[in-house]
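Let me begin by presenting the structure, written as structure tokens, before commenting on it.
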Amino acid sequence: MNYNVVNLLWQGLSGHKKWPQAWRSPEPKSRYDAVILGGGGHGLATAYYLAREHGMTNIAVLEKGWIGGGNTGRNTTNVRSDYMFPESAKMYDFALRLYETLGKDLNYNIMLSQRGWLTLIHDQHQMEGARHKANWLNCNGVDGQIVDRNRVAEMMPGLNVSDNPRYPVRGAFLQERGGTIRHDAVAWGYARAADRLGVDIIQNCEVTGFDMADGRATAVNTTKGRIETGKVGVAVAGHSSKIAQMAGFRLPITSHCLQAMVSEPVKPFLDHVVISPGTGVYINQTQKGEMVMGGLLDLYYSYGQRGNFPTIEKVISAAVEMFPGFSELRLMRHWAGIVDISPDSSPILGQTPVSNMYINCGWGTGGFKAIPAGGYLLAHSIATGNQHELAEAFGLNRFRDNRLVDEGAAAGIAH
Ligand code: FAD
């Protein structure tokens, strides 16, 4: 038996009492050079890149609950970079490329599985749209191709490719580099690496307000006391508008519930991620064998973070339509997160109306795939005060100047 196995057994049998902590649990200092609000993937990645790329280590991540307990730990783990406009394609592909080496960079297994992302094509109109998209992506240096119905049937045994369903399968758009990544591992990997660079990660610390002077936030008020700060980074997803309100400005963001669910585990049979644009329902199989399923977001505004039966019914009926064999499966768990929807389904990155406050939000139903880029770009803004060229199109000012980056088609369904 090697050392690791002996150590694992010893830790397990001794009640994990001497298990080394992956990151510290410090009390907040009275002052930091920068504080990051939100201990989701984007906030933790921001802290990591601030320390690694910019040498800023007197920083803290303030999380009201536990790290990764927001959307980062609630999402369906799908990643891809097949966004339409050149500025989005560049940014999302930058994220996917960072993900491709992230396990090594963080020395943490994020369980990257580039098993391929398939968007089904149900009719001639979608076929033409998908061809157009594949050409655009290829021109932007991103992979994407069309596969015909026979190939789809080979790739996904069990998928109903007959002419009977409401939305018959004519083919699919395939991004081979798309796939899944273990979501908690992304949060934990960034947290451990940031902690080792000196970042304080402070959980159970809710931000409740700001002290302002001359258009700057000079301190954040929290449930663990007042913390003075030089700069503020905001990465709180569905709670962005609340933080903006505390700082005295408004964001064009609405908050909605997005739900997902998993079945009991079965033997591996689905080694791609598949989505039907007809129903908005998408499915992947976890390493444990569970079928992860999700669908459209709830259209009413909410901070409730709770699911409901009509959505479960819609998702399940569409999943059974795609894979009739699923009618034998039992549903095991169901949950929801609060997502931050912007008017053009693109993120908001960079400077806010408060001179030392920078924001990362608006990822809506699809920000897990973007975590490395979101963190990298927010860190750049905080450290330099400037917008990185990859974030140029995504500033808050685009709503004032009418320069929207409308990615509704790429992001409108559940990611
Ligand atoms: P979060 O992970 O939500 O982190 C924000 C943190 O801020 C939270 O932990 C919260 O507790 C904290 N916070 C809030 N207010 C305060 C405060 N006042 N003080 C301190 N802390 C505060 N994306 C994909 O790319 N692929 C998918 O397959 C996918 N599926 C999804 C499925 C579901 C069901 C959901 C809900 C989302 C899905 N997403 C997906 C979207 C993705 O999860 C999010 O866009 C992404 O995780 C956002 O990360 P974040 O770090 O910005 O936010």
Side-chain angles (χ1 to χ4, degrees), residues 35-47 60-81 83 92 95-96 99 117 178-181 183-184 186-187 190 202-210 220-224 232-247 255-262 273 275 282-284 292-298 303 305 307 311 315 334-342 347-349 359-375 378 410-411 413-415:
V35 293
I36 316 299
L37 316 191
H42 283 275
L44 293 163
T46 302
V61 175
L62 309 180
E63 165 54 50
K64 76 171 173 178
W66 66 96
I67 60 167
N71 294 336
T72 298
R74 291 165 191 268
N75 69 67
T76 42
T77 74
N78 300 315
V79 296
R80 60 185 170 88
S81 63
Y83 282 67
Y92 284 100
L96 189 52
Y99 261 143
W117 167 275
T180 61
I181 295 176
H183 49 13
D184 307 305
V186 172
Y190 273 124
I202 301 165
Q203 303 184 73
N204 298 313
C205 181
E206 180 169 358
V207 173
T208 53
F210 299 96
V220 289
N221 296 306
T222 79
T223 47
K224 292 199 172 188
V232 181
V234 182
V236 297
H239 294 83
S240 302
S241 305
K242 287 191 167 184
I243 294 291
Q245 192 181 22
M246 290 175 199
S255 297
H256 302 254
C257 201
L258 180 66
Q259 308 182 44
M261 55 210 79
V262 288
V273 185
I275 182 163
Y282 61 99
I283 305 169
N284 70 56
V292 179
M293 297 169 278
L296 300 172
L297 80 172
D298 294 347
Y303 291 108
Q305 212 162 252
T311 298
V315 171
H334 162 248
W335 65 91
I338 299 301
V339 294
D340 40 341
I341 305 292
S342 71
I348 300 174
L349 293 169
I359 198 157
N360 162 335
C361 69
W363 299 101
T365 58
F368 175 64
K369 66 175 75 64
I371 282 173
L378 181 59
I413 40 183
H415 20 115

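Not measured: the values here are computed from a predicted model. In each ligand, atom 1 is the first atom listed, and ligand 1 is the first ligand listed.
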Short N or O distance, Ala336 and ligand 1, threshold 3.5 Å exclusive: no
Closest heavy-atom pair and its distance - Ala336, Gly307: CB-N, 3.9 Å
Ligand 1 contact on Leu62 by region, counting heavy-atom pairs under 4.0 Å: backbone
Side chains of Asn360 and His42, donor plus acceptor under 3.5 Å: yes
Within-cut-off N or O pair, Val207 and ligand 1, under 3.5 Å: yes
Rounded distance [0.5 Å steps], NZ in Lys369 versus CG in Leu96: 10.5 Å
Under 3.5 Å: N/O of Phe368 near N/O of ligand 1: yes
CG on Asn71 to NE2 on His183, rounded to 0.5 Å: 10.5 Å
Ligand-residue contact atoms, ligand 1 with Ala237, heavy atoms, under 4.0 Å: 3 (O), 52 (O), 53 (O)
Identity of the nearest option to atom 9 (O) of ligand 1, non-hydrogen atoms only, from His42, Glu63, Arg80: Glu63
Test side chain to side chain donor-acceptor pair (under 3.5 Å) applied to Glu63 - qualifying residues, sequence neighbours left out: none
From CA spacing to verdict: side-chain hydrogen bond (donor to acceptor under 3.5 Å, both in side chains), Gln259, Thr311: CA-CA 8 Å; Gln259 308 182 44; Thr311 298; 3.2 Å; yes
Element-labelled atoms of ligand 1 that are located less than 4.0 Å from some non-hydrogen atom of Ala235: 5 (C)
From the candidates Leu297, Val79, Leu258, Thr223, the one that places a heavy atom nearest atom 33 (C) of ligand 1: Leu258
Rounded distance [0.5 Å steps], CD1 in Ile348 versus CD1 in Ile359: 7.0 Å
Part of His239 with heavy atoms under 4.0 Å of ligand 1, whether side chain, backbone, both or neither: side chain
Those atoms of ligand 1 less than 4.0 Å from some heavy atom in Ile243: 18 (N)
Under 4.0 Å to a heavy atom of Gly364 - the qualifying atoms of ligand 1, by number: 41 (C), 45 (O)
Test item, Ala370 contacting ligand 1 (heavy atom, 4.0 angstrom): no
Nitrogen or oxygen atoms of Asn78 and ligand 1 under 3.5 Å apart: yes
Donor-acceptor pair, side chain of Ser240 and main chain of Cys361, under 3.5 angstrom: no
Straight-line distance of Leu297 CG to Ile341 CD1, nearest 0.5 Å: 5.0 Å
Ligand 1 contacted by Gly238 (non-hydrogen, < 4.0 Å): no
Per-atom contacts, ligand 1 versus Lys369 - under 4.0 Å to a heavy atom: 24 (C), 25 (O)
Approximate separation, where rounding is to 0.5 Å, of Thr208 OG1 and Lys224 NZ: 13.5 Å
Min N/O separation Gly366 to ligand 1 under 3.5 Å: yes
Nearest atoms (heavy-atom pairs only) where Tyr92 meets Pro347: OH-CD, 3.9 Å
Short N or O distance, Lys64 and ligand 1, threshold 3.5 Å exclusive: yes
Thr77 near ligand 1 by a heavy-atom separation under 4.0 Å: yes
Approximate separation, where rounding is to 0.5 Å, of Arg74 CZ and Asp184 CG: 11.0 Å
Identity of the nearest option to atom 41 (C) of ligand 1, non-hydrogen atoms only, from Thr365, Thr76, Asn71: Thr365
Gly294 near ligand 1 by a heavy-atom separation under 4.0 Å: no
Residue pair Tyr303, Ser241: steps toward the side-chain contact (heavy atoms from CB on, under 4.5 Å) verdict: CA-CA 11 Å; Tyr303 291 108; Ser241 305; 4.2 Å; yes
Sub-4.0 Å atoms of ligand 1 with respect to non-hydrogen atoms of Cys205: 20 (C)
Nearest neighbour of atom 2 (O) of ligand 1 from the list Asn360, Thr72, Val186, Val339, on a heavy-atom basis: Thr72
Qualifying residues under side chain to side chain donor-acceptor pair (under 3.5 Å), relative to Thr72, sequence neighbours excluded: none
Element-labelled atoms of ligand 1 that are located less than 4.0 Å from some non-hydrogen atom of Gly70: 2 (O), 3 (O), 9 (O)
